[in-house]
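Written below as structure tokens is the structure these notes are about.
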Amino acid sequence: MAFYEVYSHPALIRYKTSVCTKATLFLVVVLCLTYIPPLLVAYRSQGFWIKRSTYEEQPVVRFQYQSLLVAATSTQGDYVAWSTFHHLNNMLGANLRIPAVSVREEDQNQDGKLDRLIFQLQLPLKPEEQVYSVQLLLTFSYQLFRMSTVVMQSLAYVQHSSSVPGAKLFISGDLRLQQRTPLPHRGLYNIYNVSVIDGSSPFASAYDLDSIMRNYQDRNLTTVLSCPMPVWTVGRAAGSPFQLNAEIRYPMEVISYRPGFWETIKFAWIQYVSVLLIFLWVFERIQRFVFQNQVLTTVPIPVGKPHMS
């Protein structure tokens, strides 16, 4: 008569011993080798404690309607200039030229955040004047909100020069964030929420481009205009203004920050457990072999009472 299996279950056997035995010593050694080496392996493999992480966010950027323009009109050091700061304009005297300026900011994807600045400037010149180089500063309000709240004032620096006098300069680039150190993972970060250019100062040193850029570059957080291909157009007609057109985009940024305590622990725990599972599998089979084959003397005790018929 044929038999077939209708049900099965594993039998649990407990192996007991006294405290001062080789089996106890073996168990202590196995526990140490199971849980400590995975920690050492994960730590020595680098990156156990995460010190820096990144995330993506599109900043909230707004043009501050503050500008400073310097244009060289000869190769001997002559220049004309203009700014939105009345103290500087008063100091320029005969070098002051009042341009026609048009500014427009656009939200192209209708997500509530501005995506692009279109800046157009027409600089009037005397018939004998030509433009050989242009330097332009534009200031912005720059904010981040996803992790720590960052509020700061930043700028974009536009510069181009040529040995041939120009009629028009076209700039198209991205306003990119630059970091020297990571941001905190939470809290308010507003130490740079001050004017990049001190427009209230009556002193010429406050508007010196070297001084402005030197102080600006000392900051941890700055913005820089990434413009790989400025277009310099020559052949300005007599009496025509010099034109400067700039399109500045506000792209998505990859922000570096210092992770908080729980994020650091979570990342370390994942690495530790992934190595620990391998050690648990290996030493569980070693223990099974040792105790089932009585390599070390123990007392096996089946769990559960057998059914008495």
Side-chain angles (χ1 to χ4, degrees), residues 61-108 114-142 153-176 196-197 199 207-210 212-213 216 223-251:
V61 183
R62 290 188 179 276
F63 180 52
Q64 293 291 86
Y65 295 91
Q66 294 180 341
S67 308
L68 195 160
L69 172 71
V70 178
T73 55
S74 72
T75 57
Q76 285 76 37
D78 298 322
Y79 71 93
V80 294
W82 165 81
S83 76
T84 55
F85 310 106
H86 67 277
H87 288 299
L88 175 59
N89 290 343
N90 291 336
M91 288 183 283
L92 289 174
N95 293 323
L96 176 65
R97 298 289 187 275
I98 305 298
V101 180
S102 171
V103 175
R104 184 173 79 252
E105 288 183 290
E106 299 177 346
D107 180 6
Q108 295 175 304
L114 298 174
D115 299 304
R116 183 173 66 168
L117 167 70
I118 299 178
F119 182 90
Q120 297 176 331
L121 181 147
Q122 293 184 345
L123 182 67
L125 297 170
K126 295 179 180 180
E128 68 276 10
E129 292 177 333
Q130 300 286 346
V131 175
Y132 290 88
S133 71
V134 173
Q135 293 175 293
L136 175 67
L137 293 182
L138 304 174
T139 65
F140 296 86
S141 169
Y142 197 98
Q153 305 296 315
S154 68
L155 62 79
Y157 176 60
V158 177
Q159 190 274 338
H160 186 75
S161 62
S162 173
S163 58
V164 180
K168 180 180 178 181
L169 174 63
F170 174 73
I171 296 288
S172 179
D174 296 337
L175 188 68
R176 286 293 186 181
V196 180
I197 305 172
Y207 308 98
D208 179 65
L209 291 181
D210 290 349
I212 293 173
M213 296 305 299
Y216 185 67
T223 55
V224 61
L225 180 61
S226 173
C227 179
M229 292 183 294
V231 180
W232 183 259
T233 304
V234 299
R236 184 177 65 87
S240 299
F242 176 83
Q243 299 181 40
L244 192 157
N245 298 330
E247 293 184 1
I248 301 176
R249 292 173 293 274
Y250 312 145

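For the single chain, residues carry numbers from 1 onward in sequence order.
Across every non-hydrogen atom of Trp232 and Ser133, the tightest pair is CH2-N, 4.4 Å. In terms of heavy atoms, Gly173 sits closest to Leu225 at C-CD1, 3.9 Å. Across all their heavy atoms, Val61 and Glu105 have their closest contact at O-OE2, 4.0 Å. The shortest heavy-atom contact between Leu121 and Val101 is CD1-CG2, 4.0 Å. Shown here for Pro124 and Pro99, the closest heavy-atom pair between the two residues is CD-CA, 3.8 Å. Leu155 and Met213 make their closest contact through CD1-SD, 4.2 Å (heavy atoms, listed as atom of the first residue, atom of the second, distance).
A heavy-atom distance below 4.5 Å is not found between the side chains of Tyr65 and Thr84. Counting only heavy atoms from C-beta outward, the side chains of Ser154 and Tyr216 approach each other to under 4.5 Å. The side-chain heavy atoms of Gln130 and Phe242, taken from C-beta on, include no pair separated by under 4.5 Å. Taking 4.5 Å as the limit, some side-chain heavy atom of Arg97 sits within range of a side-chain heavy atom of Glu129. The shortest side-chain heavy-atom distance between Trp82 and Leu88 does not fall under the 4.5 Å cut-off. Residues Ile212 and Val196 meet the side-chain proximity criterion, which asks for heavy atoms closer than 4.5 Å. Residues Ile171 and Leu136 fail the side-chain proximity criterion, which asks for heavy atoms closer than 4.5 Å. The shortest distance between side-chain heavy atoms of Arg249 and Ser172 falls below 4.5 Å.
Here His160 contributes atom NE2 and Phe170 contributes atom CZ; the two are 13.0 Å apart, rounded to the nearest 0.5 Å. Summarising the geometry, atom CG belonging to Leu125 is positioned 4.5 Å from atom CZ belonging to Arg236; distances are rounded to the nearest 0.5 Å. If you take OG on Ser74 and OH on Tyr79, they are separated by 11.5 Å, rounding to the nearest 0.5 Å. The distance from the CZ atom of Phe63 to the CZ atom of Arg116 is 15.5 Å, given to the nearest 0.5 Å. Interatomic distance, Asn95 CG to Thr73 OG1, rounded to the nearest 0.5 Å: 8.0 Å.
The closest donor-acceptor contact from the side chain of Asp115 to the backbone of Gln108 lies under 3.5 Å. Although no hydrogens or angles enter the test, the distance criterion places a donor-acceptor pair under 3.5 Å between the side chain of Asn89 and the main chain of Ser83.
Ring geometry for Phe85 versus Tyr207: interplanar angle of 30 to 60°, hence tilted.
Counted within 6.0 Å of CZ on Arg62, heavy atoms from surrounding residues, nucleotides or ligands total 12 or fewer; the atom is thus considered open.
Under the side-chain contact (heavy atoms from CB on, under 4.5 Å) test applied with Thr139, the options Leu68, Thr223, Ile197 reduce to a single match, Ile197.
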Given the rule in the side chain to side chain contact (heavy atoms under 4.5 Å, CB included) test, do Leu209 and Leu137 qualify, once you have shown the distances and angles that lead to the verdict? CA-CA 9 Å; Leu209 291 181; Leu137 293 182; 3.5 Å; yes
